[in-house]
Student: 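Handing you this structure, nothing more for now.
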Amino acid sequence: ILPAATGYAGKLAAIAVDMKTLGLDSDLEPIKLVTGKIGALKAAIATLKKEMDHEGEGLAHAVHIRDKVIPAMIELRTSVDGLEEIMPDDFWPLPTYADMLFYR
């Protein structure tokens, strides 16, 4: 997802540069929105990696998974879902929810 989102942000930036070159006003809000969500995704990935590196055994490890890893996974999922909502289908590398629910 991260490479696709970065590619989309690059495409938006290129469009903004082209518009400015032509003397047109370019709206930077879409770029800011995407790059903000990319930042949240990168942070969520880093958090999940950190929590997955935990070593332990038995109950202590299970508690760590419950209290740290699963919430980090949920945060990562939330970041990805946020990007899915704003990225066009041709940039999205996975089937969308709509594809999975409504198309055969």
Student: So if you build clusters from Ile, Leu, Val, Met, Phe, Trp, Tyr with side-chain heavy-atom gaps below 4.5 Å, do V63 and L48 land together?
Tutor: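 Result: no, two separate clusters.
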Student: If I take atom CD1 from residue I86 and atom CG from residue D81, how far apart are they, to the nearest 0.5 angstrom?
Tutor: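 That separation rounds to 12.0 Å.
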Student: Are M73 and M52 grouped together when hydrophobic residues (ILVMFWY) are joined by side-chain heavy atoms under 4.5 angstrom apart?
Tutor: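 They do share one cluster, since a chain of ILVMFWY contacts under 4.5 Å joins M73 to M52.
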Student: At their closest point, which heavy atom of H61 faces which heavy atom of E55, and how far apart are they?
Tutor: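 Looking at all heavy atoms of both residues, the closest pair is ND1-C, 4.4 Å.
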Student: Do the side chain of D18 and the main chain of I15 share a donor and acceptor less than 3.5 angstrom apart?
Tutor: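 Here the side-chain-to-backbone pair does not exist.
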Student: Looking only at the side chains, is there a donor atom on one of D99 and T96 sitting less than 3.5 Å from an acceptor on the other?
Tutor: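 On atom types as modelled, these side chains qualify, holding a pair under 3.5 Å.
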Student: Could you report the tightest heavy-atom contact between L76 and A44, atom names first, then the distance?
Tutor: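 Shortest heavy-atom contact: CA-CB, 3.7 Å.
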Student: With rounding to the nearest 0.5 Å, note down the distance linking CG in L12 to NZ in K32.
Tutor: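 Spacing of CG (L12) from NZ (K32) equals 13.5 Å.
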Student: Which residue, I70, V69, D67, I65, forms the side-chain contact (heavy atoms from CB on, under 4.5 Å) with E51?
Tutor: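 Exactly one candidate clears the test, V69.
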Student: Could you state the interatomic distance from NZ (K42) to OG1 (T47), rounded to the nearest 0.5 Å?
Tutor: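 Here the rounded value is 14.0 Å.
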Student: What's the separation between atom CD in E75 and atom CG in L41, rounded to the nearest 0.5 Å?
Tutor: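 Spacing of CD (E75) from CG (L41) equals 10.0 Å.
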Student: If every non-hydrogen atom of V34 is compared with every non-hydrogen atom of Y8, which pair is closest and at what distance?
Tutor: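 Smallest interatomic distance, heavy atoms only, reads CG2-CE2, 3.6 Å.
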Student: How long is the gap from OG1 on T6 to CD1 on I1, to the nearest 0.5 Å?
Tutor: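 If I round to the nearest 0.5 Å, the distance is 11.0 Å.
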Student: Could you tell me whether D25 atom CG has more than 12 heavy atoms of other residues or ligands within 6.0 Å of it?
Tutor: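 Atom CG in D25 is not packed in, count stays at 12 or less.
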Student: As an exercise, state the distance from CE of M87 to NZ of K37, rounded to the nearest 0.5 Å.
Tutor: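 The distance works out to 12.0 Å.
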Student: Same cluster or not: are M19 and L33 linked, directly or through other Ile, Leu, Val, Met, Phe, Trp or Tyr residues, by side-chain heavy atoms under 4.5 angstrom apart?
Tutor: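 Different clusters: M19 never reaches L33 through Ile, Leu, Val, Met, Phe, Trp or Tyr contacts under 4.5 Å.
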